[in-house]
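Quick notes on the structure that follows.
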Amino acid sequence: MQTSLPVEFLKTTEGQHADEILRKCVHCGLCNATCPTYQLTGNELDSPRGRIYLIKNHFEKTGNNGTVLKHLDRCLTCLSCETTCPSGVKFGDLLDIGRKHIGKSIDRSVTSRIKRFLIAWIFSKPARSDLFFALARFVKPALPVKLVKKVPPLIRATETKVVIQGARKMLTIQGCVQSSTAPQINAAAIEVLGWSRIQLEESNSDCCGALAFHLTDIKKAEKTIRDNIDDWYEKLKSGHEYLVITSTGCSSFIKQYGNVMQADPDYVKRAAFIASRCRDLSEIGPELRIKLANRNCAVAFHSPCSLQHGQKILGAVEARLLEAGYELVPTKNQHLCCGSAGSYSLLEKDLATQLLQNKITCLEQAQPDVIATANIGCLMHLQSGTDIPVKHWIELLV
C-alpha cells in the first residue's frame with residue numbers, strides 16, 4: 001500500500017511504525033473472511049481492510065473523522081485478522097495508534113464520555129467493582145430479564161490448604177473484575193500450582209491497565225503500568241521466576257508493556273523486563289502435576305481471542321483438560337470472538353449480543369456438561385447467554 005503520511009508524523013516513532021504497517025498491507029481482503037464484525041454487518045468499513053484505509057485517510061487528512069471513530073469503536077481488537085493475514089500486518093498496533101490520535105481530534109458525545117469514564121472508574125478497582133456488583137445483586141429482582149443473567153453471584157474463595165515444601169516462587173495479580181466476581185480462579189491456580197511445588201503469591205496490584213488503554217485513556221493506563229512495574233520489578237528480580245496471569249486478556253496486555261512504555265525512558269527497560277517474564281497460566285500448564293480421574297464430563301472449550309490470536313497459544317489448555325480425564329467436544333467457528341472484548345459488550349451491545357448468541361449456539365451444539373474458558377470477561381459474557389455452567393479451565397483441575 002502506498003502512503004503519504006505527514007512529514008512531522010513520520011518523524012515520530014509511532015508515525016514510522018504506522019507507515020511500516022500500512023505499507024505491508026496488499027489489499028488482499030483475506031482478513032475480511034475472519035473478521036467477526038464484517039461477518040455481521042457486511043460493511044467494508046467494519047472490516048480490517050476498511051479500518052486500515054480509514055486510519056490511513058485520517059493521517060493523510062482525506063477522511064471523515066466521525067466515520068473513522070464509529071468504525072474503529074466497532075472493532076473488537078480480537079486480532080483474528082492478524083492470524084489470517086499472509087503479509088504479517090500488525091493491525092492491532094495500527095489500531096492502537098489510530099485510536100490514540102483520532103480520539104484526541106474528535107469530541108465524543110457527553111453520553112459517550114460519561115459511559116467510558118464510568119466503565120474505567122468502576123471496573124479498574126476491586127473495591128469499586130465489589131460495590132457495583134453488590135448493588136446489582138440487591139436490585140436484581142427488579143431488573144429486566146435480559147440483565148438478570150449478567151449479574152454474577154457472590155462467590156467467596158476458600159484458602160488453599162496445600163502445604164508447599166521446597167517450592168519455586170511465582171507471582172500473580174488479584175485482578176480488578178476477576179477478584180470481585182470470581183476469586184475462586186486464583187484460589188484454584190494457587191492450589192493446582194501448589195501440587196507441583198510452585199508457590200503462587202498474589203501481589204497487591206489491581207488492574208493491569210488494559211481497560212484504560214483500550215478506552216484510549218492513555219495517561220491513566222501508563223500510570224497504572226508504572227505502579228505495577230514498581231510493585232513487580234523487585235519481586236521478579238529477587239526470587240519470583242515468572243509473573244503468571246490467570247486471565248488471558250491481562251497476560252496478553254502485560255506482554256505488550258515494553259511497546260506501550262517505549263516513550264518513557266525511566267520505565268521502558270523495566271517494562272520490557274516485566275513483559276519478558278510474564279506468562280499466561282496455560283504456559284505453565286506442562287509443568288503441572290495433573291490429578292487424573294474418570295470425570296465422565298464433557299467440556300466445550302472457548303479459547304479467548306487474547307489467547308489464540310493475541311498470544312498465539314493453541315492447544316495448551318485442551319491438553320491439560322484431556323490429561324485430567326475430561327472429554328472435549330468439538331465446537332464450530334472457534335476462531336471467532338464471543339463479543340466480550342473487555343468493555344466492548346458494554347459499549348457495543350447490539351453487536352456483542354449477536355456475537356454472543358452465535359458463540360453460544362456453537363458451544364451448546366454438542367451438549368457439553370460445562371463450558372470452559374481462560375478469560376474472566378469471556379466467562380461472564382458467556383454465562384449471561386447460557387444455562388450451562390461456565391468455568392475457568394483451572395477450576396476443572398482442582
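Values below: every heavy atom of this structure, side chains too, minus hydrogens, waters and symmetry copies. One is the number of the first residue; the rest follow in order along the sequence.
- The distance from the CZ atom of Arg99 to the CG atom of Leu72 is 6.5 Å, given to the nearest 0.5 Å.
- Ion pairing between a basic and an acidic side chain is recognised when a charged N comes within 4.0 Å of a carboxylate O; Asp230 and Arg270 show such pairing.
- Using cut-offs of 30° and 60° for the angle between ring planes, the Phe253 and Tyr257 rings count as perpendicular.
- Contact check for Glu14 versus His17: no side-chain heavy atoms found under the 4.5 Å cut-off.
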Checking Asp227 against Lys223 for the salt bridge (Lys or Arg N to Asp or Glu O under 4.0 Å) test, could you report, in this order, the C-alpha distance in whole Å, the side-chain angles of both residues, the deciding distance, and whether it holds? CA-CA 6 Å; Asp227 290 343; Lys223 182 184 184 307; 2.9 Å; yes

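- By the 4.0 Å N-to-carboxylate-O rule, Lys291 lies too far from Glu323 to be salt-bridged with it.
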Working note: Asp19 + Arg23, criterion salt bridge (Lys or Arg N to Asp or Glu O under 4.0 Å); need CA distance, chi angles, decisive distance, verdict. CA-CA 6 Å; Asp19 192 58; Arg23 287 178 176 272; 3.0 Å; yes

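- In this model, no donor atom of one side chain and acceptor atom of the other lie less than 3.5 Å apart for Thr172 and Glu202.
- In this structure, a donor-acceptor pair under 3.5 Å is absent between the side chains of Ser306 and Ser252.
- For Phe9 and His101, the ring centers are positioned less than 6.0 Å apart.
- In this structure, CG on Leu54 lies 8.0 Å from CD1 on Ile102, to the nearest 0.5 angstrom.
- No more than 12 heavy atoms of other residues, nucleotides or ligands lie within 6.0 Å of NZ in Lys90, so this atom counts as exposed by the packing criterion.
- Screening Val299, Ile185, Leu281, Val370 against Trp393 for a side chain to side chain contact (heavy atoms under 4.5 Å, CB included) leaves a single residue, Leu281.
- No side-chain heavy atom of Phe91 sits under 4.5 Å from any side-chain heavy atom of Cys85.
- Counting only heavy atoms from C-beta outward, the side chains of His302 and Asn375 never approach each other to under 4.5 Å.
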Show, in sequence, the C-alpha distance, side-chain angles and deciding distance for Leu351 and Tyr344, and conclude whether the side chain to side chain contact (heavy atoms under 4.5 Å, CB included) test is met. CA-CA 9 Å; Leu351 291 174; Tyr344 191 91; 3.3 Å; yes

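- Applying ring-ring contact (aromatic ring centres under 6.0 Å, His included) to Phe273 and the options Tyr242, Tyr233, Tyr267 leaves one that passes, Tyr233.
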Between Glu287 and Arg168, does a salt bridge (Lys or Arg N to Asp or Glu O under 4.0 Å) hold up when you go through it step by step? CA-CA 12 Å; Glu287 302 181 50; Arg168 299 156 61 189; 2.8 Å; yes

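- When the shell of 6.0 Å around NZ of Lys391 is examined, it contains 12 or fewer heavy atoms from other residues, nucleotides or ligands.
- Between Lys255 and Asp280 there is no salt bridge, since no side-chain N of the basic residue sits under 4.0 Å from a carboxylate O of the acidic one.
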I'd like to know whether Leu396 forms a side chain to side chain contact (heavy atoms under 4.5 Å, CB included) with Leu321, so could you lay out the CA-CA distance, the side-chain angles of the two residues, the decisive distance to 0.1 Å, and finally the verdict. CA-CA 8 Å; Leu396 301 181; Leu321 294 175; 4.0 Å; yes

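- Tyr53 and His27 share a side-chain donor-acceptor pair at under 3.5 Å.
- Geometrically, Arg128 engages Trp121 in a cation-pi contact defined by less than 6.0 Å to the ring centre and at most 45° from the axis.
- Here the side chains of Asn228 and Ser205 are in contact, with some heavy-atom distance below 4.5 Å.
- Between Glu283 and Val244 the shortest side-chain heavy-atom distance does not fall below 4.5 Å.
- The existence of a salt bridge linking Arg226 and Glu222 is confirmed by a sub-4.0 Å separation between a basic side-chain nitrogen and an acidic carboxylate oxygen.
- Between the OG atom of Ser80 and the CG atom of Leu336 there is a distance of 6.5 Å, given to the nearest 0.5 Å.
- Using a 4.5 Å cut-off on side-chain heavy atoms (C-beta onward), Arg116 and Asp73 make contact.
- With hydrogens and angles ignored, the 3.5 Å screen pairs a side-chain donor or acceptor of Thr37 with a backbone N or O of Asp46.
- Using a 4.0 Å cut-off between charged nitrogen and carboxylate oxygen, Lys11 and Glu8 count as a salt-bridge pair.
- Atom NZ of Lys140 has more than 12 neighbouring heavy atoms from other residues, nucleotides or ligands inside a 6.0 Å radius.
- None of Arg277, Lys235, Glu201 except one satisfies the side-chain hydrogen bond (donor to acceptor under 3.5 Å, both in side chains) rule with His240; the exception is Glu201.
- Two residues are said to be in side-chain contact when any heavy atoms from C-beta on lie closer than 4.5 Å; Thr373 and His392 fail this criterion.
- Between the side chains of Gln311 and Ser251, at least one donor N or O sits under 3.5 Å from an acceptor N or O.
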After noting the C-alpha distance and the side-chain angles of Glu395 and Gln184, does the key distance pass the side chain to side chain contact (heavy atoms under 4.5 Å, CB included) rule? CA-CA 8 Å; Glu395 295 180 77; Gln184 77 279 6; 3.1 Å; yes

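- When Leu243, Asn186, Thr246 are each tested for a side chain to side chain contact (heavy atoms under 4.5 Å, CB included) with Ile173, only one passes: Leu243.
- At most 12 non-hydrogen atoms from other residues, nucleotides or ligands lie less than 6.0 angstrom from NZ of Lys219.
- Salt-bridge check for Arg49 with Glu44: passed, with a basic side-chain N closer than 4.0 Å to an acidic carboxylate O.
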